[in-house]
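Start at 1 and go down the list; that is how both ligands and their atoms are numbered.
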Amino acid sequence: MTAVDSQRMEKIVSLCKRRGFIFQSSEIYGGLNGLWDYGPLGVELKRNLKNYWWRMMVHERDDVVGMDGSILMNRAVWKASGHEETFTDPMIDCRTCKARLRADQVIDKGKGRQCPNCGGKDLTEARSFNLMFKTYIGATEDDSSVTYLRPETAQAIFVQFKNVLEVSRKKLPFGIAQIGKAFRNEINPRNFTFRSREFEQMELEYFCRPEEGMKLLDYWKEERLKFYENIGIPREHLHVLTVPDEERAFYSKGTYDIEYDFPFGRQELEGVAYRTDYDLAQHQKASGKPLEYFDEETKQKFVPHVVEPSAGVDRTVLAVICEAYSEDQAPDEKGKMETRTVLRFHPRMAPIKCAVFPLLKNKEPLVAKAKEIVHLLRPNMFVFYDESGAIGRRYRRQDEVGTPFGVTIDFETLGEKDLALKDTVTLRERDSMKQERVAIADLPKLLLSRIR
Ligand code: GAP
């Protein structure tokens, strides 16, 4: 098990707020437990992650198409999927401090059950608590108008399976991908955004023949591990847990949890599950509509099986931030060493790709050239212009939000010192702090090759 580093986590939470990554939802009213808002930089990071997932899972493949389902669906969906009956966590109340606890949070060190909050031993028996948020459709609030905010995006894919199959004309194996919000009334949201009540999922349902299921389960586990490495989470910080038989959903023939070493311990990032034909078969039975696939080669009809890599957007964003957070020693303006906070994001994930700095803000030709460069780069990447403060301070501010590249426009750019350096700039790399002289005309291509 990994060591818990609460001090590191506190620094990360504080940086997230201070620099506009993540705020508490409804903060001015005291917040709301388990709900978070993404600020100007957080939204960029989240978008970069979703776009890269979509690129890898949909655009760069021939066998996957996308969809975007509604959050509210017919209640019958949740009955057929089993969520209405069984999407529950066992809950225990502490009669002393009134805490509501998930049963697995109750401590039992051999001296009887204890509340993790107050140490009290006066606890209720466990009872089932359904995690779905209930709501009503239309003007009447009675049993006939009940539905739920979706607790996973997957069900929309299953119930649209036939439509998507027909319009895409795909052959097995093929997948349907979706990114969207999901809601769970978690008993105890915690660890910052890790366990939230509103979050986003990136899910792929990959339909296949029954005999391909186990092989594809391993294939997708490997693909997903590669994905995390490609966004800057090294393999040695990822762990694959083979979910034991007794903990797997009864319909699953195999499930892997991909886990990450967060500062608060090793926790699940994504589940990769072979769900057999359970979901399609349930919906076929409940709706009375055929959800079968006709195999032209064998002339047989059957309900496809499915392998599902299901990742959390918010958890991955948090993992990317935790992985990137670092402190090192760097010289200040006067050469004195100071602690530098750096988010070492993979350039592909970084919210701002390049910061542009005129050396001095009161020298019009420097400012004009800097703005020219901003316009040159903007169509291809998110660029930030900053003219205020000493150049060293400006670098530090960008290091702290993980901007991988900084471009400085100085008098050499104007050709005032050496004509050979006219229209060149200093390109500074965040992690090494190394600087190179680059022609302005080469900047877009060079930067694009490093951030894709
Ligand atoms: N369709 C399968 C499914 O929903 P899950 O393991 O319950 O499986 C998949 O959820 C992923 O969704 C998790 O691995 C996690 O990344 C994310 N997730 C689940 N509950 C979450 C919560 N309360 N807060 C943030 N992310 C959550």
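Checked against a 6.0 Å centroid threshold, the rings of Y206 and W220 count as neighbours. Ring centroids of Y148 and F133 are separated by 6.0 Å or more, keeping the two rings apart. You'll find the ring centres of F264 and F194 inside the 6.0 Å limit.
Taking 4.0 Å as the cut-off, L269 counts as a neighbour of ligand 1 on heavy-atom distance.
Contacts of E186 with ligand 1, taken as heavy-atom pairs under 4.0 Å, involve the side chain alone. Under 4.0 Å from ligand 1, the heavy atoms of Q201 that appear belong solely to its side chain.
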For this session: Go through L446 and L427 one step at a time and tell me if the side chain to side chain contact (heavy atoms under 4.5 Å, CB included) criterion holds.
Result: CA-CA 10 Å; L446 182 82; L427 178 66; 3.4 Å; yes

Exercise. Would R344 and D328 satisfy salt bridge (Lys or Arg N to Asp or Glu O under 4.0 Å), going step by step from the backbone distance to the final call?
Worked result: CA-CA 11 Å; R344 294 178 191 271; D328 62 13; 2.9 Å; yes

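Between R75 and D143, at least one side-chain nitrogen of the basic residue sits less than 4.0 Å from a carboxylate oxygen of the acidic one, meeting the salt-bridge criterion. Here E200 pairs with K50 in a salt bridge; the nearest charged N to carboxylate O distance falls below 4.0 Å.
Here the closest non-hydrogen pair linking N230 and R348 is O-NH1, 2.7 Å.
Atoms of ligand 1 found under 4.0 Å from any heavy atom of S196, numbered from 1 in the order shown, are 22 (C), 23 (N), 24 (N), 25 (C). Contact atoms of ligand 1 toward E308: 1 (N), 2 (C) (distance under 4.0 Å to a heavy atom of the residue). Of all atoms in ligand 1, numbered sequentially from 1 with element shown, those under 4.0 Å from a heavy atom of E270 are 14 (O). In summary, the atoms of ligand 1 found under 4.0 Å from a heavy atom of F194, numbered by their order in the structure, are 24 (N), 25 (C), 26 (N). Every atom of ligand 1 with a heavy atom of R275 under 4.0 Å away is listed here by number and element: 1 (N), 2 (C).
Just one of R396, R394, R397 meets the salt bridge (Lys or Arg N to Asp or Glu O under 4.0 Å) condition when paired with D386; it is R397.
Taking atom 11 (C) of ligand 1 as the reference point, the nearest protein heavy-atom neighbour is S310 O, 3.7 Å. With respect to atom 18 (N) of ligand 1, the closest heavy atom belonging to the protein is F199 CE1, 3.5 Å. Protein heavy atom closest to atom 15 (C) of ligand 1, with residue, atom name and distance, is R315 NH1, 3.4 Å.
Between G312 and ligand 1, at least one pair of N/O atoms sits closer than 3.5 Å. Among the atoms of T193, none of the N or O lies under 3.5 angstrom from an N or O of ligand 1. For a threshold of 3.5 Å applied to N or O pairs, the pair formed by E268 and ligand 1 contains at least one separation below that value. Polar contact check, P151 against ligand 1: no nitrogen or oxygen pair lies under 3.5 Å apart.
The closest heavy-atom contact to atom 1 (N) of ligand 1, among the options R150, Q267, E203, comes from E203. Between the choices Q155, E152, R184, the shortest heavy-atom distance to atom 7 (O) of ligand 1 belongs to R184.
In summary, the side chains of S144 and D142 do present a donor paired with an acceptor at a separation below 3.5 Å, with no hydrogens or angles considered. A donor-acceptor contact under 3.5 angstrom links the side chains of H239 and D261, judged on distance only.
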